Amino acid sequence: MKALLKQHGVIFILLSMLTGLMGAFVNPLMSLFIVEGLQTPPVYLGVYMVAVTITGLVISQWLGGMADNGTSARKLFMVAVSGMVCALVAFANATAFWQVLLAGVLFLAMGNAAIPQMMTVARQWAGRQQNIDITSFNSRLRAAISFAWVGGPPLGYLLAAGGEFSRSFYFAAVCALVALIFACKFIPDYSAKKSQHSSEPAAAASFHFGCWD
């Protein structure tokens, strides 16, 4: 596994797909879930979307600032994925709109920052490799996310058929947990300050497999 990660970045491709699936299973379903699943007026969907979007922008800026100040992007990614897990479990067990709104503002808005943080971790790793074409590598990462968004929504609706929205939410939570394990066990830990001030050109970095190094 370590050899695959070092030579080809396969783990990052898989991580990109898992990160994409987390949102692809959930976001397209939310309008149907809020209006039909919870039997709430359509105007509540607008309240949810505005609240989660604004909160997500604030949280993304906050996490980006932490990364710029040297906080490990891997740990920020893990925080974002943990927020997604909490949101998905809350959605699966929600019985009222206020519960969904609260989970969306507190947790899903944080979880939506997972893709930018994952891309940051991948770029930090690729920049230290001698045998990686960064442009091609970034294209593969984005292709994996796009593939997740092609297959995720139809499968999410299939799982939610008959009003069983919890099945789709729990499936997405499993994807998030697997992504969290991948990040914990197989993704190297870099900080922004280390990458900015390192004087070694694209040196192969040592890999740390502890959860919180």
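Not measured: the values here are computed from a predicted model. Quick note: residue numbers are just sequence positions, from 1.
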Less than 4.5 Å apart, side chain to side chain, heavy atoms only: is that true for [X] and [Y]?
{"X": "Gln124", "Y": "Thr120", "answer": "yes"}
{"X": "Val174", "Y": "Tyr170", "answer": "no"}
{"X": "Leu180", "Y": "Ser82", "answer": "yes"}
{"X": "Asn112", "Y": "Asn27", "answer": "yes"}
{"X": "Phe107", "Y": "Met84", "answer": "no"}
{"X": "Met66", "Y": "Leu76", "answer": "yes"}
{"X": "Thr19", "Y": "Ile145", "answer": "no"}
{"X": "Phe165", "Y": "Phe91", "answer": "no"}

Could you give the distance from [atom1] ([X]) to [atom2] ([Y]), rounded to the nearest 0.5 Å?
{"X": "Leu18", "Y": "Cys175", "atom1": "CG", "atom2": "SG", "result": "6.0 Å"}
{"X": "Ser168", "Y": "Leu158", "atom1": "OG", "atom2": "CG", "result": "9.5 Å"}
{"X": "Asn93", "Y": "Leu88", "atom1": "CG", "atom2": "CG", "result": "11.0 Å"}
{"X": "Met119", "Y": "Ile115", "atom1": "CE", "atom2": "CD1", "result": "9.0 Å"}
{"X": "Ile134", "Y": "Ser139", "atom1": "CD1", "atom2": "OG", "result": "11.5 Å"}

Atom of [X], atom of [Y] and distance for their closest heavy-atom approach:
{"X": "Trp149", "Y": "Pro28", "answer": "CZ3-CG, 3.8 Å"}
{"X": "Val81", "Y": "Ala176", "answer": "CG1-O, 3.2 Å"}
{"X": "Ala122", "Y": "Leu141", "answer": "CB-CD1, 3.4 Å"}
{"X": "Phe77", "Y": "Met118", "answer": "CE1-CB, 3.6 Å"}
{"X": "Ala144", "Y": "Ser16", "answer": "CB-CB, 3.8 Å"}
{"X": "Ala80", "Y": "Ala113", "answer": "CB-C, 4.1 Å"}

What donor-acceptor contacts under 3.5 angstrom involve side-chain atoms of residues 44-62, with partners at least two apart or in another chain?
unit_1 : atom_1 : unit_2 : atom_2 : d
Thr53  : OG1    : Met49  : O      : 2.7
Thr55  : OG1    : Ala51  : O      : 2.7
Ser60  : OG     : Gly56  : O      : 2.9

*Please state whether the rings of Phe137 and Trp125 are parallel, tilted or perpendicular, taking 30° and 60° as the class boundaries.*
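Judged by the thresholds at 30° and 60°, the geometry between Phe137 and Trp125 is tilted.
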*Give me the ring orientation class for Phe25 and Phe171: parallel if the planes are under 30° apart, tilted from 30 to 60°, perpendicular past 60°.*
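The rings of Phe25 and Phe171 sit tilted, inter-plane angle from 30° to 60°.
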*Linking I/L/V/M/F/W/Y whenever their side-chain heavy atoms sit closer than 4.5 Å, directly or via other members, would Leu38 and Leu29 fall into one cluster?*
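The answer is yes; both residues are in one hydrophobic cluster.
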*Given the rule that I, L, V, M, F, W and Y join up when any side-chain heavy atoms are under 4.5 Å apart, are Ile13 and Val178 in one cluster?*
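Same cluster: Ile13 reaches Val178 through Ile, Leu, Val, Met, Phe, Trp or Tyr contacts under 4.5 Å.
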*asked:* Does Tyr157, at its OH atom, have more than 12 non-hydrogen atoms belonging to other residues, nucleotides or ligands within less than 6.0 Å?
replied: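 Atom OH in Tyr157 is crowded, with more than 12 foreign heavy atoms closer than 6.0 Å.
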Keeping the roles fixed (side chain from [X], backbone from [Y]), state whether a donor-acceptor pair exists under 3.5 Å.
{"X": "Arg167", "Y": "Leu159", "result": "yes"}
{"X": "Arg74", "Y": "Val121", "result": "no"}
{"X": "Thr40", "Y": "Ile34", "result": "yes"}

*Do Ser146 and Arg142 meet the criterion of a side-chain donor-acceptor pair at a distance under 3.5 Å?*
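No donor-acceptor contact under 3.5 Å links the two side chains.
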Only pairs under 3.5 Å count here: list side-chain donor-acceptor contacts from residues 97-105, not counting sequence neighbours, and write none if there are none.
unit_1 : atom_1 : unit_2 : atom_2 : d
Gln99  : OE1    : Thr95  : N      : 2.6
Gln99  : OE1    : Thr95  : OG1    : 3.4
Gln99  : OE1    : Ala96  : N      : 3.3

